[in-house]
Amino acid sequence: MSKNTPKAIRGTQDIFGADAEAFAFVVETFERVRKLYRFRRVEMPVFEKTEVFSRAIGETTDVVSKEMYSFEDRGGDSLTLRPEFTAGISRAFLTNGWQQHAPLKVATHGPLFRYERPQKGRYRQFHQIDAEIIGAAEPQADVELLAMADQLLKELGIEGVTLHLNTLGDAQSRDAWRAGLIEYFGAVKGELSEDSQERLEKNPLRILDSKDPRDKVFVADAPKIDAFLSDDALAFFGAVTSGLDAAGVKWERAESLVRGLDYYRHTAFEFIPDEGSAAAGALGSQSTVLGGGRYDGLMESLGGPATPAVGWAAGIERLAMLVGEKAEEPADLIIVVEDRSEAALVRATSALKSARLAGLSAEMIAEGSPRKRYDKAVKRSPRAIVSFEEDGHRVSGGDEGGPDLEKVLGL
RNA sequence: GCGAUCGUAGCUCAGUUGGUUAGAGCGCCGGUUUGUGGUACCGGAGGUCGGGGGUUCGAGACCCCUCGAUCGCCCCA
């Protein structure tokens, strides 16, 4: 590599070969399943006004306070490369009058950007698939959304991943729980890890997720959300869980599961690899494969009317790591030009065009040492090979190299 | 932002306590062998050993700095 060749930006990836096939497999499967569940496709801008994210996600979250790719455009507006889909979709819902379609089921996928230190399964430009149901307050929407996620993972052939489910209650429940946690952890503040002492100020719910053993001793006896749930919140969660059971979606209660962003209410969930599973090993420390929840308060933070909604997103790279090797399809036909004659090249070129018009995937080998061209073709394992020389051609493979192929190629 | 590990050919990697002209496999290019064929052989191109400085008679190897990558912490998909 020349020393003055520009390098790729840190945390970006050039995906090729088997990895690219796995990536495409995830997206194609998502598109298929999303249609099964009648989610409508949306395409969204990759960047928005910065306030779309800062207001929707919450100023104090790490995503907003230190992980956004923000810049000023030529008009002086602060813009940000989207760090997630939900905020942008919510903005679109409000600014395009999509209320008329509510309840609206939408799905999308594409690149997202977060200024973070890259590591296994985490990049600065990464890709997600995303599904949202907007304008639906009933627990059946949560069930619908999770049933799709569950089926998607199954159709991707991913095993050893379990739905971890929790409720954060409604706004009152969540606030009361939060106050309870601050009181409980505040009493032992000095014995918590440095990180958790900071979390106490910024996001006390996150202490429950801490991996630090100093915190874990207190987490076990921390106040549980269940003690703070209103009757409505409790009924809502019960309806979600019984719906999941009816839909045949396996789940586990995860009492300390909270999500990072301010806008979540009620249902919160993550699909996480089971301890010791192949999936857990493949993902390193980036364990969540698909996550989301209900965000009933988000629309109001963007200045819209109260609009209930649920959604999830999943990292395509992480899913691709779990779907196994996806080989590139072998060609239907490879055409070999076995000598340097003009006549052979002309007839081969013509046959190649005919093959493609007939719907066969085909490529031609006419470069390099003539003696080695056939071997190159064989190594690519095509379904059939047709080789040309100045005075004729030979067919091998296909359906016994039969007359059908010759006819298709006009030979 | 913090920590650990690692940077040798296009790719995967050897390279002894520091010692001549830095190697192999795969891939690439040319030739021979085979001749309905995934074979075998011969030859070739391709490296300022990530970059800079230092120690030394001598550095791919040791020291310092720097850049980059990987993995982890924080956070998150």
Side-chain angles (χ1 to χ4, degrees), chain A residues 1-13 16-17 26 57-58 60-68 82-86 109-131 149 161 193-199 202-203 205-207 209-212 215 257-261 269-273 283-293 311-322 330 334 336 338 367-382 384-387 389 392-397 400-401:
Chain A
M1 181 178 65
S2 168
K3 59 191 166 201
N4 63 9
T5 301
K7 286 174 295 235
I9 304 299
R10 174 191 292 244
T12 63
Q13 347 163 51
F16 173 74
V26 171
I57 299 171
T60 61
T61 60
D62 276 27
V63 170
V64 170
S65 63
K66 58 184 197 190
E67 293 171 3
M68 292 206 299
R82 62 185 181 196
E84 59 147 53
F85 281 115
T86 304
H109 64 83
L112 303 170
F113 304 85
R114 237 114 110 168
Y115 193 91
E116 292 185 279
R117 198 68 177 251
Q119 55 185 278
K120 191 182 185 77
R122 176 208 281 183
Y123 307 93
R124 285 186 176 179
Q125 178 179 335
F126 58 107
H127 303 81
Q128 286 186 347
I129 51 179
D130 180 279
V161 170
S193 67
E194 296 75 20
D195 286 333
S196 284
Q197 293 189 26
E198 210 171 303
R199 282 191 273 242
K202 286 168 55 182
N203 196 350
L205 309 204
R206 278 269 143 197
I207 299 175
D209 267 352
S210 175
K211 292 166 192 161
D212 196 303
D215 301 330
L257 187 153
V258 297
R259 308 227 72 234
L261 311 180
F269 54 86
E270 297 181 355
F271 283 79
I272 301 175
L283 285 178
S285 63
Q286 311 303 320
S287 56
T288 301
V289 134
L290 182 153
W312 58 248
I316 297 175
E317 289 88 345
R318 290 188 190 175
L319 292 171
M321 285 191 279
L322 302 181
I334 292 185
V336 180
E338 289 221 78
E367 300 284 319
S369 171
R371 286 173 181 273
K372 291 181 178 168
R373 293 177 191 171
Y374 195 91
D375 284 351
K376 280 188 198 171
V378 170
K379 280 185 183 174
R380 292 184 201 180
S381 311
I385 297 176
V386 177
S387 62
E389 291 181 332
H393 66 270
R394 283 181 283 196
V395 177
S396 67
E400 298 307 309

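Computed from a prediction, not measured in an experiment: that's the story for all the values here. Chain A is the first sequence line, chain B the second, and so forth, proteins listed ahead of strands; every chain is numbered from 1. Computed from heavy atoms alone, side chains included, the values below leave out hydrogens, waters and symmetry copies.
As rounded to whole Å, 7 Å separates atom C1' of B/rA77 from atom CZ of A/Arg114. Taking atom CZ of residue A/Phe126 and atom C1' of nucleotide B/rC76, one finds them 8 Å apart after rounding to whole Å. Rounded to an integer number of Å, the gap from A/Glu116 CD to B/rC73 P is 12 Å. Here B/rC75 presents its C1' atom at 13 Å from CD1 of A/Ile57, a figure rounded to the nearest Å. The CD-P distance, from A/Glu198 to B/rC73, rounds to 17 Å in whole Å. In this structure, the CG atom of A/Leu283 is 17 Å from the P atom of B/rC76, given to the nearest Å. Between the OH atom of A/Tyr115 and the P atom of B/rG1 there is a distance of 6 Å, rounded to whole Å. Spacing between atom CZ of A/Arg122 and atom P of B/rC75 amounts to 10 Å, rounded to whole angstrom units.
Residues A/Val258 and A/Arg206 share a closest heavy-atom pair of O-NH2, 3.2 Å. Nearest heavy atom pair, residue A/Ser285 against residue A/Gln119, reads OG-OE1, 3.5 Å.
Legend: residues meeting side chain to side chain contact (heavy atoms under 4.5 Å, CB included) with A/Glu198, ordered by chain and number and at least two apart, are A/Lys202. With sequence neighbours left out, the side chain to side chain contact (heavy atoms under 4.5 Å, CB included) criterion links A/Pro370 to A/Arg340, A/Arg373. The side chain to side chain contact (heavy atoms under 4.5 Å, CB included) search around A/Ser381 returns none, not counting sequence neighbours. Residues passing the side chain to side chain contact (heavy atoms under 4.5 Å, CB included) test with A/Arg117 are A/Arg10, sequence neighbours excluded. When the ring-ring contact (aromatic ring centres under 6.0 Å, His included) test is applied to A/His109, no partner is found at least two apart in sequence or on another chain. Applying the side-chain hydrogen bond (donor to acceptor under 3.5 Å, both in side chains) test to A/Ser387 and every residue at least two apart in sequence or in another chain returns A/Glu338. With sequence neighbours left out, A/Asp215 forms a side-chain hydrogen bond (donor to acceptor under 3.5 Å, both in side chains) with A/Ser193, A/Ser196, A/Ser210.
Comparing the C1' positions of B/rG7 and B/rC65 gives an interatomic distance of 16 Å, to the nearest angstrom. When the P atom is compared between B/rC76 and B/rU5, the two are found 28 Å apart, to the nearest whole Å. Atom name P, nucleotides B/rC67 and B/rG30: the rounded distance is 44 Å, in whole Å. Separating the C1' atom of B/rC64 from that of B/rU55 is a span of 11 Å, rounded to the nearest Å. Here, B/rA40 and B/rG25 have their P atoms 13 Å apart, quoted to the whole Å. Spacing of C1' atoms, B/rG27 relative to B/rC11, comes out at 7 Å, to the nearest Å. Across the P atoms, B/rC2 and B/rG47 are found 37 Å apart, a figure rounded to whole Å. Between B/rG15 and B/rU8, the distance separating the two P atoms is 14 Å to the nearest Å.
One finds no salt bridge joining A/Glu84 and A/Arg114 here, because no Lys/Arg side-chain nitrogen approaches an Asp/Glu carboxylate oxygen to under 4.0 Å.
Annotation: side chain of A/Gln125 is not in contact with side chain of A/Gln13 (no heavy-atom distance under 4.5 Å). Residues A/Pro83 and A/Glu67 are not in side-chain contact: their nearest non-hydrogen atoms beyond the backbone lie 4.5 Å or more apart. A/Leu257 is not listed as a side-chain neighbour of A/Phe269, based on a closest heavy-atom distance of 4.5 Å or more.
Using a 4.0 Å cut-off, no side-chain N or O of A/Gln119 falls inside it from OP1 or OP2 of B/rC71. Not one side-chain nitrogen or oxygen of A/Ser381 sits closer than 4.0 Å to the OP1 or OP2 atom of B/rG38.
At the heavy-atom level, A/Glu84 lies nowhere under 4.0 Å from the strands shown. Note on A/Val63: nothing from the nucleic acid sits closer than 4.0 angstrom, heavy atoms only. In this structure, A/Phe85 reaches neither bases nor backbone, as no heavy-atom distance under 4.0 Å exists between it and the strands shown. Among the protein residues, A/Gly284 comes within range of the sugar-phosphate backbone only, with heavy atoms under 4.0 Å from sugar or phosphate atoms but none that close to a base.
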Worksheet item: Please walk me through it: do A/Phe126 and A/Ile316 pass side-chain contact (heavy atoms from CB on, under 4.5 Å)?
Response: CA-CA 8 Å; A/Phe126 58 107; A/Ile316 297 175; over 6 Å; no
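Stem regions for RNA chain B, each three or more consecutive Watson-Crick or G-U pairs with both distances under 3.5 Å and listed by first number, read B:1-7 with B:67-73, B:10-13 with B:23-26, B:28-32 with B:40-44, B:50-54 with B:62-66.
Across B/rG72, B/rC74, B/rA77, the shortest atom-to-atom separation from the side chain of A/Thr288 is found for B/rA77.
The backbone N or O of A/Leu290 lies less than 3.5 Å from no partner atom in the side chain of A/Arg318, so there is not a single donor-acceptor pair.
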Discussion item. Protein within reach of the bases, or only the backbone? For nucleotides 24-30 of chain B, mark each nucleotide 5' to 3' as B, S or -, using heavy atoms under 4.0 Å.
Written reply: ---S-SB
Discussion item. One character per nucleotide, please: for nucleotides 2-9 of chain B, 5' to 3', B when the base has a protein heavy atom closer than 4.0 Å, S when only the sugar-phosphate does, - otherwise.
Written reply: B-------
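Annotation: salt bridge (Lys or Arg N to Asp or Glu O under 4.0 Å) contacts involving residues 120-131 of chain A, sequence neighbours excluded, comprise A/Glu116-A/Arg122.
Side-chain N/O atoms of A/Arg318 and base N/O atoms of B/rC76 include a donor-acceptor pair closer than 3.5 Å.
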Would you list the protein and nucleotides 35-37 of chain B atom pairs, both N or O, that sit under 3.5 Å from each other?
{"from": "B/rG35", "atom 1": "O6", "to": "A/Arg371", "atom 2": "NH1", "distance (Å)": "2.9"}
{"from": "B/rU36", "atom 1": "O4", "to": "A/Arg394", "atom 2": "NH1", "distance (Å)": "3.2"}
{"from": "B/rG37", "atom 1": "N7", "to": "A/Tyr374", "atom 2": "OH", "distance (Å)": "2.9"}
{"from": "B/rG37", "atom 1": "O6", "to": "A/Tyr374", "atom 2": "OH", "distance (Å)": "3.1"}

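For A/Arg199 and A/Pro118, each mapped to the nucleotide of RNA chain B holding its nearest heavy atom, the one lying further toward the 5' end belongs to A/Pro118. For the pair A/Arg10 and A/His127, both in contact range of RNA chain B, the more 5′-proximal nearest nucleotide belongs to A/Arg10.
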